[in-house]
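These numbers come from the heavy atoms of this one structure, side chains and all, not from hydrogens, waters or symmetry mates.
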Amino acid sequence: MDPYRIAASPGTAYYVPDFVSPQEEEYLIRKIQESPQPKWKNLANRRLQVWGGDVKSGSNVLLKAALPSFLTEYPDIIPRLRSTGVFSNTKQGAPNHVIVNEYLPGQGIMPHEDGPSYHPVVATISLGSHAVFNYYRYKAPPPEEEIDEDEASRTSRGRAIHPDPVFSIFLEPRSLIITTSSLYTDHLHGIDPLEEDIFASALTSPPSSDTTEDSDLDAEKHRGIRVVNWEQIKDEETRRVLEEGGSLKRGTRVSLTCRVVERELGVGVGGLKGMRLQGKKI
Ligand SMILES: O=C(O)CCC(=O)C(=O)O
Ligand SMILES: [Fe+2]
């Protein structure tokens, strides 16, 4: 995987263009769209499907269900992810849990952390359209003496997030991105709800706060996002936009977020009825 490493990313991340072929992309989108209506969960700003089973809240345990053949047989997404080796230090060796998200132009996902149920290596496949993944950090917590006991035991929820992303990664349709370790555990990730992404030239540096006397023209040149992996972008036209600055309209994007939940419970004959988990009926 070394040739695919994103050099400018903090932590270790890999960007693999053309991880799936155009034919496979079309097939996957079709199979996902053909899933029965109840498989879709409608959220305010996107809809999603969960495959592989549910993670019981509070337990971090996956109540395992079979992955569909469009992920295990044709196209062989899961075996292909196994062969990258990035999951080799997990018990399973390959993702056992996949979330499918569908975003129409103008939709996105708020900056968030995925939580402790997942092993901190994530494989994301983009289909249909591009995305710009933004990574954020929390604002520094208040000094310790100002935190009361209750505050300290609270989870990260409710902590203020820095409004500007620390960095952004461009995801082409059919690409795979693998994020690991600190990128996953120390940052939040999100996608802005936009119909069009605006890019500043990757060759310019972001305006610093003491360059307020910049001309309007200079300011214009600096406006927009810079992505850290622009040199790894396969599509020439897209790479030129990222290099020189410009905009890209979004289409419908379908993503596969593939992860490992190391603690899992298989579903035997008779299903979940009467099953107990850590002494509790589930
Ligand atoms: O669509 C994506 O690539 C991001 C999805 C995501 O962050 C999530 O499902 O937790
Ligand atoms: Fe996420």
Side-chain angles (χ1 to χ4, degrees), residues 15-52 54 67-68 70-71 75 77 95 97-115 122-136 161 163-165 167-177 179 187-200 223-227 229-230 233-235 237-239 241-242 245-259:
Y15 177 75
V16 185
D18 292 338
F19 186 70
V20 297
S21 70
Q23 294 75 14
E24 291 167 339
E25 177 187 40
E26 202 188 310
Y27 180 83
L28 281 166
I29 293 175
R30 182 160 60 79
K31 292 309 255 187
I32 289 165
Q33 298 298 350
E34 279 174 7
S35 296
Q37 256 329 296
K39 191 72 196 165
W40 286 106
K41 191 169 166 192
N42 292 297
L43 304 184
N45 219 9
R46 65 184 200 282
R47 58 175 189 159
L48 60 85
Q49 299 176 2
V50 178
W51 293 100
D54 289 319
L67 288 166
F70 64 77
L71 295 176
I77 298 296
H97 192 260
V98 176
I99 296 185
V100 174
N101 279 292
E102 181 200 65
Y103 307 84
L104 306 177
Q107 297 189 319
I109 186 166
M110 302 247 298
H112 66 280
E113 289 182 271
D114 289 350
V122 187
T124 303
I125 296 166
S126 298
L127 305 169
S129 184
H130 73 269
V132 177
F133 238 54
N134 295 318
Y135 288 86
Y136 300 84
I161 301 168
D164 299 322
F167 66 99
S168 304
I169 295 178
F170 189 88
L171 309 180
E172 288 173 281
R174 298 185 299 285
S175 71
L176 165 71
I177 173 107
T179 53
H187 295 82
L188 303 101
H189 54 277
I191 300 171
D192 284 340
L194 301 170
E195 298 201 354
E196 183 176 44
D197 291 292
I198 314 260
F199 300 94
R223 200 172 70 91
I225 299 239
R226 288 169 189 76
V227 293
N229 63 330
W230 69 273
I233 298 308
K234 183 80 183 286
D235 181 74
E237 177 59 18
T238 306
R239 198 173 59 240
V241 169
L242 301 180
S247 64
L248 293 172
K249 281 213 183 329
R250 290 192 198 165
T252 298
R253 171 174 175 262
V254 172
S255 68
L256 308 175
T257 302
C258 311
R259 290 175 288 201

Seminar exercise, completed: Per side chain to side chain contact (heavy atoms under 4.5 Å, CB included), S168 is matched among V227, D192, I191 by V227

Measure the [atom1]-[atom2] distance between [X] and [Y] for me, rounded to the nearest 0.5 Å.
| X | Y | atom1 | atom2 | result |
| --- | --- | --- | --- | --- |
| D18 | L176 | CG | CG | 11.5 Å |
| L242 | D235 | CG | CG | 9.5 Å |
| F19 | L127 | CZ | CG | 11.0 Å |
| F199 | L248 | CZ | CG | 5.0 Å |
| I177 | I125 | CD1 | CD1 | 12.0 Å |
| L48 | K39 | CG | NZ | 10.0 Å |

Using only atom types and a distance under 3.5 Å, with no angle test, would you say the side chain of [X] pairs donor to acceptor with the backbone of [Y]?
| X | Y | result |
| --- | --- | --- |
| Y15 | E172 | yes |
| E25 | G128 | yes |
| R223 | I198 | no |

For this session: Walk me through it: do I225 and D197 pass the test side-chain contact (heavy atoms from CB on, under 4.5 Å)?
Result: CA-CA 8 Å; I225 299 239; D197 291 292; over 6 Å; no

Least distance between heavy atoms, [X] atom then [Y] atom:
| X | Y | answer |
| --- | --- | --- |
| Y136 | G190 | CE1-N, 4.4 Å |
| I99 | R259 | CD1-NH2, 3.2 Å |
| S129 | G251 | OG-N, 2.9 Å |
| S247 | E196 | OG-OE2, 3.2 Å |
| N45 | P193 | ND2-CB, 3.7 Å |
| P17 | S175 | CA-CB, 4.1 Å |

For this session: Test H189 against every option in T124, N134, D114, T179 by the side-chain hydrogen bond (donor to acceptor under 3.5 Å, both in side chains) rule and name the one that passes.
Result: D114

For this session: Could you go through the side-chain contact (heavy atoms from CB on, under 4.5 Å) check for V100 and L256 one step at a time?
Result: CA-CA 5 Å; V100 174; L256 308 175; 3.6 Å; yes

Exercise. Going through the distances and angles, do S255 and Y103 end up as a side-chain contact (heavy atoms from CB on, under 4.5 Å)?
Worked result: CA-CA 8 Å; S255 68; Y103 307 84; 3.9 Å; yes

For this session: Could you check I32 against W40 for side-chain contact (heavy atoms from CB on, under 4.5 Å), going step by step and ending with a plain yes or no?
Result: CA-CA 10 Å; I32 289 165; W40 286 106; 3.7 Å; yes

Exercise. CD of E26: more than 12 outside heavy atoms within 6.0 angstrom?
Worked result: no

Problem set entry | Parallel, tilted or perpendicular: rings of F170 and H130 (30°, 60°) | parallel

Problem set entry | Mutual orientation of the aromatic rings belonging to F70 and W51 [parallel < 30°, tilted 30-60°, perpendicular > 60°] | perpendicular

Problem set entry | Candidate list R47, K41, R46, test salt bridge (charged side-chain N to carboxylate O under 4.0 Å, His left out), partner E102, passing option | R47

Problem set entry | Side chain proximity check, R253 to S126, heavy atoms < 4.5 angstrom | yes

